[in-house]
Protein chains: 2
Amino acid sequence: MEVKLPTFDSVFSIDCVIFGFEAGELKILLIERNEEPFKDWLALPGYIVEQDESIDDAAERILYELTGLRDLHMQQFHTFGEVKRHPQGRVITVAYYALIRINGQKEVKPVTHYAKSAFWHPVNDLPKLAFDHSEIFNTGFNKIRRRLNYQPIAFELLPEKFTLTQLQSLYEAVLNKKLDKRNFRKKMLSYGFLKELDEKQKGVSYRAAKLYKFDRRKYAKIFQNELNLVQ
Amino acid sequence: MEVKLPTFDSVFSIDCVIFGFEAGELKILLIERNEEPFKDWLALPGYIVEQDESIDDAAERILYELTGLRDLHMQQFHTFGEVKRHPQGRVITVAYYALIRINGQKEVKPVTHYAKSAFWHPVNDLPKLAFDHSEIFNTGFNKIRRRLNYQPIAFELLPEKFTLTQLQSLYEAVLNKKLDKRNFRKKMLSYGFLKELDEKQKGVSYRAAKLYKFDRRKYAKIFQNELNLVQ
DNA sequence: ATATAAGGTGTCGAAATTACACCATTAAAT
DNA sequence: ATTTAATGGTGTAATTTCGACACCTTATAT
């Protein structure tokens, strides 16, 4: 059976690459589509921008409708504008990313019928995605990999209180390489934006680690003058 | 006299921030608009994307039509999508930048009637621009300032053969600070992607400097593994 | 008490970064 | 011919950062 689809001209859409970190693994949010085209395929959460909302607002709304997640700090990273990227017509999409702590998060679940389900999937083993979403994901992953080195995005993926080992394993997951424990700690602590708490990890069956907090205010002070690569 | 303007829904446009370097000064290309809205205002070169062209293609075409420049290496840097950014309707614009050698370039000149003129203007003394173009410019300037530190974009602004002093003064213009001559040279040369030529500057009334060339092939070899900020 | 699993810590050599000042060369002016 | 003006071109030493590397400590479970 062939399905006749409407076509459209000049539509903007938003697609979201939402990273989460859980059990030492980096994951992203996928949805199962419930609409043609690419019905039943896996895809990034994404939909069409309304006339009367900014693209930033649209990104928040769309993510909420498709996954139930709200109040993430979403950031635009690239716009995809190939003519044939959408089979039904001309759709230019602005891609956003966000980072989020998975732990303690209520289950993700679509609020609209455009998606059948939403779930976390490890980045290392992604299936083929609808549209050009695999390309969008790759572009986004490269972006955050690079940004990890000069922006405090790691802390958005961790619980508010975290151990240095957790922080290190996040860096290792994103950069995909092993780091030296002593050097990593020395360097992170030397920045001065980690606040040591009077509290320890609980519920582990081995020596509990100290907990730390990211001190956003100190970070901002330290890095207000940040352009420094040449001299 | 009040002018009635047509309005439109869902239009994509492109705006271009084109940097050039001349006489030790960083400049950008502006046009004088010949159409409402903002007729007679200064603006970034920009126009509407057609249905059957990718945004990258559109960026090239539009820049050509408004300034006569072709074959620049243009790169998207941000998409601006506030609802009210265009007085006639919903226009989302994708902003691109490019860098170009001004010297020896034929005069810039619009090919369409949408612009009255096109000209270079120093970045340090920009007038108020049409639409949200001042914001677009600022965003773009910050981008290239940062990219100067990890991408070989400086060489696109200089003539093919350049002196180390020219290179340094470009860095100083973009970063807006003085650099140490000896350290700058030591560092630049240590990378190994500058090729010293058997040729000297001509036509100067003082000791002529050696000329150098950027060796793109060596650069690519050196920086294929580049992620390195944490260990 | 013992085993297990991760927490937590310091040093040394190499490399990179920074600060800093003077002589050399060329063309133009006298 | 000499001087002047302007920029070209160079080295070193102190300091800081980076990277490699291994062992004892502590909490819990058995």
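Chain A is the first sequence line, chain B the second, and so forth, proteins listed ahead of strands; every chain is numbered from 1. All values reported here derive from a predicted model rather than from experimental measurement.
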Item to check | Length of the line joining A:Gln168:CD and C:dA6:P, which is rounded to integer Å | outcome: 13 Å

Checklist entry - Looking across every strand, which nucleic acid part, if any, lies under 4.0 Å from A:Lys210 by heavy atom: base, sugar-phosphate, or nothing? => result sugar-phosphate

Item to check | Integer-rounded Å distance: D:dC18 C1' and A:Met188 CE | outcome: 15 Å

Next on the checklist: I want to check a possible cation-pi pair here: A:Arg145 against A:Phe141, using under 6.0 Å from ring centre and within 45° of the ring axis as the test.
Outcome noted: yes

Item to check | C:dG8 phosphate, OP1 or OP2, under 4.0 Å from A:Arg185 side-chain N/O | outcome: yes

Checklist outcome for this item: Here the distance between atom C1' of C:dT9 and atom NZ of A:Lys181, to the nearest Å, is 9 Å

Checklist outcome for this item: Note: for A:Arg207 and B:Tyr212 on DNA chain D, the residue whose nearest nucleotide lies more 5' is B:Tyr212

Next on the checklist: Rounded to whole Å, please give me the gap between CG in B:Leu164 and P in D:dG8.
Outcome noted: 9 Å

Checklist entry - Checking all strands, does A:Thr165 fall into the base, sugar-phosphate, or nothing category for heavy-atom contacts under 4.0 angstrom? => result sugar-phosphate

Item to check | A:Ala118: side-chain contact (heavy atoms from CB on, under 4.5 Å) partners, not counting sequence neighbours | outcome: A:Ile31, A:Thr67, A:Val108, A:Pro110

Checklist entry - What nucleotide, of D:dG8, C:dT17, C:dT26, holds the atom closest to the side chain of B:Lys187? => result C:dT17

Checklist entry - When you match A:Ser205 and A:Thr163 each to their closest nucleotide on DNA chain C, which lands nearer the 5' end? => result A:Ser205

Item to check | Euclidean distance, atom CG of residue B:Asp180 to atom C1' of C:dT17 [Å, nearest integer] | outcome: 11 Å

Next on the checklist: Between D:dT12 and B:Lys186, counting only base atoms on the nucleotide and side-chain atoms on the residue, is there a donor-acceptor pair under 3.5 Å?
Outcome noted: yes

Checklist entry - Between atom NZ in A:Lys200 and atom P in D:dT25, what is the gap in whole Å? => result 15 Å

Next on the checklist: Please verify the inter-ring angle class for B:Phe193 with B:Tyr191; under 30° counts as parallel, over 60° as perpendicular, anything in between as tilted.
Outcome noted: parallel

Checklist entry - Should the pair A:Tyr114 and A:Tyr47 be assigned to parallel (<30°), tilted (30 to 60°) or perpendicular (>60°) ring geometry? => result parallel

Item to check | First of A:Arg182 and A:Tyr206 reached from the 5' end of DNA chain D, by closest nucleotide | outcome: A:Arg182

Checklist entry - So, is the end of the B:Arg70 side chain (NZ or CZ) under 6.0 Å from the ring centre of B:Tyr64 and within 45° of the ring's axis? => result yes

Item to check | Separation of atom CZ in A:Phe162 from atom C1' in C:dG7, rounded to whole Å | outcome: 16 Å

Checklist entry - Please give, in whole Å, the distance from D:dG11 P to B:Phe184 CZ? => result 18 Å

